[in-house]
Amino acid sequence: MPQHPQILEPDDLNPNQREAVMHGEGPLLIIAGAGSGKTKTLVHRVARLVAEGVPPDQILLLTFTRKSSQEMLRRATLLLDSRCQNVSGGTFHAFASAVLRRFAGRLGYTEQFSILDRSDAEDVVQLVKQDPKFADVGKRFPKKNTLADIFSKVRNTQSRIPEVVGKSYPHFFECADRIAEMFEAYQHFKRHMQAMDYDDLLLELLNLLSTAPDIAKALQNQYRHVMVDEYQDTNGIQAEIMRFLVNSKRNICVVGDDAQSIYSFRGANFKNIMEFPTLFPGTRIVTLDQNYRSTQPILDLTNAVIARAKERYAKDLFTEKQDGQRPIYVETDSEGSQSKFIVQKILEYHEQGIALNQMAVLMRSGWHSNDLEVTLQAQGIPFVKMGGFKFIELAHVKDVIAFLRVIQNPRDRVSWQRILLLVEGVGPKTAEAIWLKIQSAFQSGLVPDASFFAGKSYSTSLEKLLSCIFNRQGGITPVAQLERIMETYKPIFKQRYEDFHKRQADLNSILTIAERYTSLDDFLTEMSLEPPDGSQVDVEAKDRDEPPLILSTIHSAKGLEWKVVFVISAIDGYLPSMQALDDIGQIEEERRLMYVALTRAKDYLFVIKPHIDWNSAQAYRNPGVRFSKLSRFLVESHIAEQWMDKWVIAERRQPRGRFGLESLPDTLDSGYSPDEDTRKYVL
DNA sequence: CTTCTTCCCATTTTT
DNA sequence: TGGGAAGAAG
């Protein structure tokens, strides 16, 4: 089959990449440094397998986000042909849900089980917490999102409540018993409503594979080659799942970089990657350490940062791009000048012909860009914020989805609750009563009878609502259902949200997205797992004549690269001390996070000592580690002196409004001139 | 019981 | 800032 010489004899790969691509059967571990052509290598490997006659649906490619899997298949298609589009793939969670939908019965679930996203899971926790049984827990008890964190961590790290609470939430240690009871109740509640949260998806898949050898066997036969991207971010459960998927030929290929492991809060452990050869004896290990992304001055800095990591697997990145500007460490005197400095630089690079979407501002957590966003708006610079608020999390979108969810799975208590509370005059108690009626009606196979609520003030609207859900005529495609639901929902929607005009567009987007699906299951699964393209909340979607600037959390920036990168290197300060951070290994993770951020830059890199105005951002008074600690890795460790230039930005005048708003310039010229006011130091 | 009001508290990252 | 808990009013 030599009809694809460029694939079978790739000449634009370096020797290590080629080794990885051409590796035959048996386990393969690729340690791929940042920017080392990891994706290219995987793409070539997929294309080679397909070119050599492996049927695409016998290749399973598990990735971290759906975007990256689509990107890989797209590139493989360009390289070879459209057969590559049929490679099975997606995220672990998407894969898990697909398998579970098929075999849910084996675990005692219906195939229409609901998938709970994070906020649904928190709603369940809230319902559990409000059970009279737990009425006695006082205020000094974790809130729903903390509880959800604990529950998630317990399962992801396969430990017990007291351990997790003691380690991560010591201030709640004395209520560990109640938390444990609540955890049990949470598990039951989900089971009863036929729902799985994100963690259940993985755990139930593992459960299925380990208790149903026939299914495991079938999957092993189905997938002759299994590949996993971003392996450093998998947790123990995912590793175990891998073990069940791999057949006797052990064709498993995993790619990762221990230096970029930044998901320990999700139970990920970069040791997974190093234990891989033990798990699969005879593993071939290939290291990719030539960097094709950044200039040497940037790599010198990133190498120096990661060199301080306590545990790592040595691989210094090198590049042929020797020239370039040294990274710049920027100190500003206020959050306002920080924003103005960034905007100024962005405009300068834009003048030089660099497109906005070739530039990115990366930060530790979403709200760190609040001030910057206001400044960008004022300047009319279009931007999108990645990893920010998701479309699916908008209240009105959740409302509509809730209708579909109860149609799909009538036992979905959380969605029922949401819908019933839409009715004027119905509160939590009435909702519960109605829900019980509906359940018992369902058990006897009847439509809930109206006599129960006849004569109540809310009876008319409730009846409309129920008939919308139960009297389903017309098409059964997601779009057809949605159109019917909209008729009932629209009036409620207009009454409920004052700004319904703005929100209207989102409802239309739901319809547009739904058009791509023929089955309700698929549509809902995708919406809860990873909202498809075009469903991200787009800050400045309209009037865009050019691709927007990117704002992103460091976590969401993984795997991406830009010509110009600004890093706002904050760390949130809610832990008592550096020592405490160190004790739980957090410092190491923060270092890797910094490493991920820095290695996104191709040509120009600015590390900004954060000047985030906590008083304007949020009232926070915990005298713990403050936000500038992360940048101190660079400064105090004498790395900055050696590998960076330092700029100190001072504004001529400092008009400081209460929320910083009045200090915004009308144009960049007003009161701020970097040439005059920027004092440049080289340490 | 629901809805409105007031007070108090906590604040990362994401599938 | 925002959410939740608790109290007050309808």
Side-chain angles (χ1 to χ4, degrees), chain A residues 62-69 90-97 115-119 121-122 125-126 129-130 135 137-146 148-149 152-153 156 168-169 171 196-202 230 233-235 237-238 261-268 362-368 370 386-390 392-393 420-421 423-433 456-458 525-526 528-531 552-558 570-575 581 586 589-590 592-593 596-597 612 614-622 624-625 627 630 659:
Chain A
L62 294 171
T63 53
F64 199 64
T65 65
R66 201 172 49 151
K67 237 196 190 123
S68 67
S69 110
T91 62
F92 262 96
H93 292 84
F95 172 70
S97 68
I115 296 173
L116 306 175
D117 67 20
R118 176 54 193 243
S119 73
E122 284 176 16
V125 171
Q126 186 65 18
K129 209 177 158 197
Q130 274 159 5
V137 306
K139 277 193 176 179
R140 303 219 50 89
F141 197 82
K143 302 262 170 294
K144 64 177 177 183
N145 63 61
T146 312
D149 270 347
S152 179
K153 210 164 223 168
N156 275 314
S168 304
Y169 305 88
H171 48 296
M196 299 189 206
D197 65 16
Y198 287 155
D199 304 317
D200 293 329
L201 287 174
L202 298 180
E230 307 278 16
D233 289 327
T234 56
N235 60 29
I237 299 158
Q238 287 160 317
S261 171
I262 54 175
Y263 280 93
S264 67
F265 65 91
R266 226 161 75 184
L362 308 183
M363 56 271 173
R364 180 65 171 83
S365 56
W367 60 269
H368 292 166
N370 284 357
M386 298 171 58
F389 221 67
K390 297 273 169 47
I392 185 78
E393 296 178 349
L420 293 172
L421 289 177
V423 179
E424 193 97 355
V426 174
K429 291 283 177 199
T430 319
E432 186 173 2
K456 295 277 173 35
S457 64
Y458 49 76
T525 302
E526 302 243 326
S528 336
L529 284 181
E530 212 172 349
S552 172
T553 57
I554 297 171
H555 283 88
S556 310
K558 204 122 176 263
I571 177 174
D572 290 314
Y574 54 90
L575 280 162
L581 283 174
Q586 188 66 26
E589 177 137 329
E590 298 297 332
R592 294 195 293 269
L593 207 55
V596 169
I612 290 160
W614 287 77
N615 291 322
S616 73
Q618 45 196 305
Y620 180 71
R621 313 214 180 284
N622 186 350
V625 176
F627 42 83
L630 194 49
F659 297 102

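Within every chain, numbering begins at 1; the chains are lettered A, B, ... in the order of the sequence lines, protein sequences first and strands thereafter. Quantities reported herein were computed from a predicted structural model and do not represent experimental measurements.
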Evaluation steps, salt bridge (Lys or Arg N to Asp or Glu O under 4.0 Å), between A:Arg118 and A:Asp199: CA-CA 10 Å; A:Arg118 176 54 193 243; A:Asp199 304 317; over 6 Å; no
Could you check how far OH of A:Tyr263 sits from P of B:dT14, rounded to whole Å? 6 Å
To the nearest Å, give me how far apart CG (A:Asp233) and P (B:dT14) are. 12 Å
What nucleotide, of B:dT14, B:dT12, B:dT2, holds the atom closest to the side chain of A:Arg364? B:dT12
Partners meeting salt bridge (charged side-chain N to carboxylate O under 4.0 Å, His left out) with A:Asp197 (sequence neighbours left out): A:Arg155, A:Lys190
Can you check the A:Glu122 CD to B:dA10 C1' distance for me, whole Å? 14 Å
Are A:Phe265 and B:dT13 stacked, counting the six-membered base ring, centres under 5.5 Å, planes under 30°? yes
Starting at CG of A:Leu529 and ending at P of B:dT15, how long is that distance when rounded to a whole Å? 10 Å
Would you please confirm or rule out a distance under 4.0 Å between OP1 or OP2 of B:dT15 and any side-chain N or O of A:Thr65? no
Proximal nucleotide (of B:dT3, B:dC1, B:dT14) relative to the A:His555 side chain: B:dT14
Tell me whether A:Arg592 is salt-bridged to A:Glu589, with the criterion being a basic N under 4.0 Å from an acidic carboxylate O. yes
Taking only side-chain N and O atoms of A:Lys144, does any of them lie within less than 4.0 angstrom of OP1 or OP2 on C:dG4? yes
With respect to the phosphate group of C:dA5, does any side-chain polar atom (N or O) of A:Lys129 fall under 4.0 Å of OP1 or OP2? yes
In whole Å, I'd like the distance from the CG atom of A:Leu421 to the C1' atom of B:dT2. 11 Å
Return the value, rounded to whole Å, for the distance between atom CD of A:Glu230 and atom P of B:dT15. 12 Å
Quick check on DNA chain B: between A:Tyr198 and A:Lys143, whose nearest nucleotide comes earlier from the 5' end? A:Lys143
side-chain N/O A:Gln126 vs C:dA5 OP1/OP2, d < 4.0 Å: yes
From CZ of A:Phe141 across to P of C:dA5 the rounded distance in Å is 11 Å
For the pair made of CD1 in A:Ile392 and P in B:dT14, what is the distance, rounded to whole Å? 17 Å
Do the side-chain N or O atoms of A:Thr146 get closer than 4.0 angstrom to the phosphate oxygens (OP1, OP2) of B:dA10? no
Does A:Phe92 reach a base, just sugar-phosphate, or nothing at all? Heavy atoms under 4.0 Å. nothing
With respect to the side chain of A:Lys429, which nucleotide from B:dT14, B:dT2, C:dA5 is positioned closest? B:dT2
So A:Leu529 and A:Arg66, side-chain contact (heavy atoms from CB on, under 4.5 Å) or not? Walk me through it. CA-CA 10 Å; A:Leu529 284 181; A:Arg66 201 172 49 151; over 6 Å; no
Taking only residues two or more places apart in sequence or in another chain, which ones pass ring-ring contact (aromatic ring centres under 6.0 Å, His included) with A:Tyr198? A:His93
